[in-house]
Amino acid sequence: MTAFDWTSILEAQESNRPLLFYTGAGISREAGLRTFRGDDGLWQEYDVSEVATPGAFARDPESVWLFYQKRRKQLRDVEPSGAHEALSRLEAENPNLRVITQNVDDLHERAGQESVVHMHGELRTDRCQQCGRQQPASREEEPPECERCGGRMRPNVVWFGEQLSPEVLDTVNDWIRRTDVVVVVGSSLTVAPASTVPDRARRAGAEVFEVNPNPTPEVSFPEGHRFQGGAGEFFRSLEQRLRE
Ligand code: OAD
């Protein structure tokens, strides 16, 4: 196997050039949260169509709500991983480092990350289905009513079959256009349109890398562009090289 080529990542970080990290459930796995796919993935235990679609919420709002309340509780019980912490330290050094995440957890923010955009929404807020008003996530066992319009509140996440927020997509496209180096950390790259980010970045002229203990078969990367290991191991090694 060809050795991982650190050159472009180190150069971008050391010269404060745009450097984009694109994260998925794998980075939060090291904090203790489950991924979606794989043997112990959430989608082995739950049927997506019953907990993560607008139709499921219309049919059975209480069950869908409880699924998210359980995930919120799990999230409160964990701390950001070493990888989240390292990424935040790198941002403190490089003002042009950005994070796009598919994760709905707030572990990047809790590690101190500032430039982070959530493609699939966030667990830390609820949103009114009717008027769109947002508020901090409720801890109730049933979806509360909106204080403004009486509509039903829902977790502020993107469900299967829903569009991504146009503002978020604008930011994502803008960051992709500005960056020369993209590092995909811990995503199976299976859910569109999020899965198209690496290809779009490549078409826009960026060099794209992958960090994953189980390389994604669907997407091909040039030699030296796959780090076959965990997120924590990758960031430890990157910080070590930056110190040398
Ligand atoms: P997946 O669960 O599909 O993939 C997680 C990836 O993390 C896999 O490729 C693992 O090999 C990798 N992984 C495991 N341990 C790792 C580690 N220690 N370090 C780095 N990588 C590791 O999660 P996502 O790709 O994030 O969408 O899933 C994408 C979307 O599918 C989610 O945002 C969610 C889900 O359905 C919605 O809910 C809309």
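Both ligands and their constituent atoms are indexed starting at 1 by order of listing.
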(request) State, without any angle test, whether H108 and T23 hold a side-chain donor-acceptor pair at a distance under 3.5 Å. (result) yes
Using a plain distance cutoff, I'd like to know if [X] has any nitrogen or oxygen under 3.5 Å from a nitrogen or oxygen of ligand 1.
X    : value
T190 : no
F36  : yes
S188 : yes

> Contact between P213 and ligand 1, counting heavy atoms under 4.0 Å?
Replying inline: yes
- request: May I ask whether F160 places a heavy atom under 4.0 Å from ligand 1?
  value: yes
Protein residue, atom and distance nearest to [atom], heavy-atom basis:
atom                    : answer
atom 9 (O) of ligand 1  : N212 ND2, 2.9 Å
atom 23 (O) of ligand 1 : A25 CB, 3.4 Å
atom 28 (O) of ligand 1 : R37 NH1, 3.3 Å
atom 36 (O) of ligand 1 : W43 NE1, 2.9 Å
atom 33 (O) of ligand 1 : H120 ND1, 2.7 Å

Under 4.0 Å to a heavy atom of [X] - the qualifying atoms of ligand 1, by number:
X    : answer
N214 : 10 (C), 11 (O)
V158 : 39 (C)
E30  : 17 (C), 18 (N), 19 (N)
V191 : 30 (C), 31 (O)
R29  : 14 (C), 15 (N)
G230 : 17 (C), 18 (N), 19 (N)
Q102 : 29 (C), 33 (O)

dist L107:CG -> T101:OG1 (nearest 0.5 Å) comes out at 9.0 Å
d(T53 OG1, F160 CZ) to nearest 0.5 Å is 9.5 Å
Checklist line | Presence of salt bridge, R154 and E162, under 4.0 angstrom | finding: yes
Ranking G24, A231, G186 by closest non-hydrogen atom to atom 5 (C) of ligand 1, top hit is G186
| task | Determine whether the aromatic ring centres of F221 and F209 lie less than 6.0 Å apart. | result | no
- Min side-chain heavy-atom separation P198-L189 under 4.5 Å: yes
Tell me whether [X] contacts the main-chain N or O of [Y] through its side chain, where contact means a donor paired with an acceptor under 3.5 Å.
X    : Y    : answer
W65  : E140 : yes
R178 : P18  : no
T125 : Q134 : no
S237 : E233 : no
N96  : N16  : yes

